[in-house]
Amino acid sequence: MKILLLADQESKSLYDYYSPEKIEGIDLIISCGDLKASYLSFFATVSHAPVLYIRGNHDCQYARKPPEGCICIEDDIFVYKGVRILGLGGSMEYIPHSDNQYTEKKMKKRIRHLRWKLFKNRGFDILVAHAPARELNDMPDLPHRGFQCFRNLMDKYKPKFFVHGHVHATYGTGFKRRDIYGRTTVINAYEYYVLEYPDDENSKGGAI
């Protein structure tokens with residue numbers, strides 16, 4: 001299964017210079033946040049693939065006008081072709097009481113509320129978040145610090161993939177597109193990335 005991951009930055013190649021062959025064979029599209037609603041709706045229009053999304057820290061406008069034709073998976077487990085996809089959007093709280101920003105304690109509380117869904121689905125295969133995990137492709141400043149509870153989730157459930165955004169390739173030389181944490185492949189979806197989700201462990205992906 002081919003999954004198109006999107007996050008943070010609109011792709012000129014896919015949007016401004018769109019052509020159908022660029023998303024040919026894509027089975028599922030997942031947004032990791034901080035993208036305009038109209039951008040996600042565009043892909044829902046031109047593709048037959050479902051478009052799933054979580055909210056980034058700048059996606060406050062979704063409350064007023066969510067992406068049309070797309071599926072919000074915040075605080076939920078969405079199952080597609082047998083693949084269990086868990087959504088947890090938002091970033092570390094750096095402006096108190098802001099939408100889509102959470103302290104470590106608040107994010108842990110969100111995860112606790114998912115206990116029944118995690119039990120019912122026997123875990124999950126892909127964790128979709130906006131923020132990274134703590135000390136795993138995150139940054140030292142508070143706005144871009146990752147969540148320790150994401151690492152705890154991976155330790156417990158050992159998903160195949162953890163996909164996130166929030167840390168841009170333009171921020172400096174420390175950007176990592178792919179990493180490994182235990183049994184989990186970690187992918188920064190900045191702009192776009194095509195993930196091949198096979199049954200085996202030899203998962204590969206890349207640019208269109």
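By convention here, the first residue in the shown sequence is residue 1. All of these numbers come straight from a predicted model, not from anything done at the bench.
- Here L88 contributes atom CG and L114 contributes atom CG; the two are 6.0 Å apart, rounded to the nearest 0.5 Å.
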Using the side-chain contact (heavy atoms from CB on, under 4.5 Å) rule, take R178 and V186 through it: C-alpha gap first, then chi angles, then the decisive distance, then the call. CA-CA 6 Å; R178 290 176 66 104; V186 181; over 6 Å; no

Quick one: do R55 and C72 satisfy side-chain contact (heavy atoms from CB on, under 4.5 Å)? Show the steps, please. CA-CA 8 Å; R55 292 184 289 271; C72 180; 4.0 Å; yes

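- Side-chain heavy atoms closer than 4.5 Å link hydrophobic residues (I, L, V, M, F, W, Y) into clusters, and following such links, possibly through other members, connects F147 to L127.
- A 4.5 Å side-chain heavy-atom check between I30 and L6 finds every atom pair outside the cut-off.
- Separating the CG atom in D59 from the CG atom in L40 is a distance of 8.0 Å, to the nearest 0.5 Å.
- Atom CZ in R112 sits 13.0 Å away from atom CG in L118 (nearest 0.5 Å).
- Using a 4.5 Å cut-off on side-chain heavy atoms (C-beta onward), L86 and D75 make no contact.
- Relative orientation of the H168 and Y190 rings is tilted, given thresholds of 30° and 60° on the angle between their planes.
- Dense packing is recorded around NZ of K106, with more than 12 heavy atoms of other residues, nucleotides or ligands lying under 6.0 Å away.
- Between Y181 and D155, the side chains place a donor N or O and an acceptor N or O closer than 3.5 Å (distance only, hydrogens not considered).
- The two residues A131 and S91 have their closest heavy-atom pair at CB-CA, 4.0 Å.
- Linking ILVMFWY side-chain heavy atoms closer than 4.5 Å, directly or via other members, places L136 and I111 in a single hydrophobic cluster.
- Taken from OH in Y102 to NE2 in H130, the straight-line distance is 11.5 Å, to the nearest 0.5 Å.
- The number of heavy-atom neighbours closer than 6.0 Å to CD of Q61, taken from other residues, nucleotides and ligands shown, is above 12.
- Under the 4.5 Å side-chain heavy-atom criterion for ILVMFWY residues, no single connected hydrophobic cluster contains both V51 and I77.
- Taking the six-membered ring where tryptophan is involved, the planes of Y53 and Y62 are perpendicular, since the angle between them exceeds 60° and thus also 30°.
- In plain terms, the two heavy atoms of C32 and G165 that are nearest each other are CB-N, 4.0 Å.
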Is there a side-chain contact (heavy atoms from CB on, under 4.5 Å) between I3 and I29 once you walk through the steps? CA-CA 6 Å; I3 304 174; I29 299 172; over 6 Å; no

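- Electrostatic pairing of D125 and K160 does not count as a salt bridge here, judged by no charged N lying under 4.0 Å from a carboxylate O.
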Decide side-chain contact (heavy atoms from CB on, under 4.5 Å) for I73 and I54; before the verdict, give the C-alpha distance in whole Å, the side-chain angles of both, and the deciding distance to 0.1 Å. CA-CA 6 Å; I73 60 169; I54 47 91; 3.6 Å; yes

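- I126 and F119 are not part of a single hydrophobic cluster, where members link through side-chain heavy atoms under 4.5 Å apart.
- Note on ring orientation: taking the six-membered ring where Trp is involved, the planes of F43 and Y39 are perpendicular (angle over 60°, cut-offs 30° and 60°).
- Between the CG atom in N188 and the NZ atom in K176 there is a gap of 11.0 Å [rounded to 0.5 Å].
- L5 is not connected to F162 by any chain of hydrophobic side-chain contacts under 4.5 Å among Ile, Leu, Val, Met, Phe, Trp and Tyr, and they are in different clusters.
- Remark: side-chain polar atoms of Q148 are not paired, donor with acceptor, to backbone N or O of A133 under 3.5 angstrom.
- Proximity of the aromatic rings of H144 and Y171 is defined here by a centroid distance below 6.0 angstrom, and this criterion is met.
- Taking CD1 of I23 as the reference point, atom OG of S47 lies at 4.5 Å (rounded to 0.5 Å).
- Side-chain atoms of R145 never come within 3.5 Å of backbone atoms of E135 as a donor-acceptor pair (strictly under, hydrogens ignored).
- For NZ of K158, the number of neighbouring non-hydrogen atoms (other residues, nucleotides, ligands) closer than 6.0 Å is greater than 12.
- Taking all atoms of both residues into account, the shortest heavy-atom contact from E93 to L142 is O-CD2, 3.6 Å.
- Side-chain contact between V83 and M1 is present, with heavy atoms from C-beta onward closer than 4.5 Å.
- Remark: R134 engages D138 in a salt bridge, criterion side-chain N to carboxylate O under 4.0 Å.
- The shortest distance between side-chain heavy atoms of E191 and E10 does not fall below 4.5 Å.
- For the 3.5 Å distance criterion, the side chains of D34 and H166 fail to qualify, holding no donor opposite an acceptor.
- The aromatic rings of Y80 and F78 sit parallel to each other, their planes meeting at less than 30°, with 60° as the upper class boundary.
- No hydrogens or angles considered: nothing links the side chains of D141 and Y94 as a donor-acceptor pair under 3.5 Å.
- Between the side chain of R84 and the backbone N or O of R122, at least one donor-acceptor pair lies under 3.5 Å.
- At least one side-chain heavy atom of M107 sits under 4.5 Å from a side-chain heavy atom of F150.
- The closest donor-acceptor contact from the side chain of S41 to the backbone of E68 lies under 3.5 Å.
- For K22 (side chain) and Y17 (main-chain N/O), a donor-acceptor pair under 3.5 Å exists by modelled atom type.
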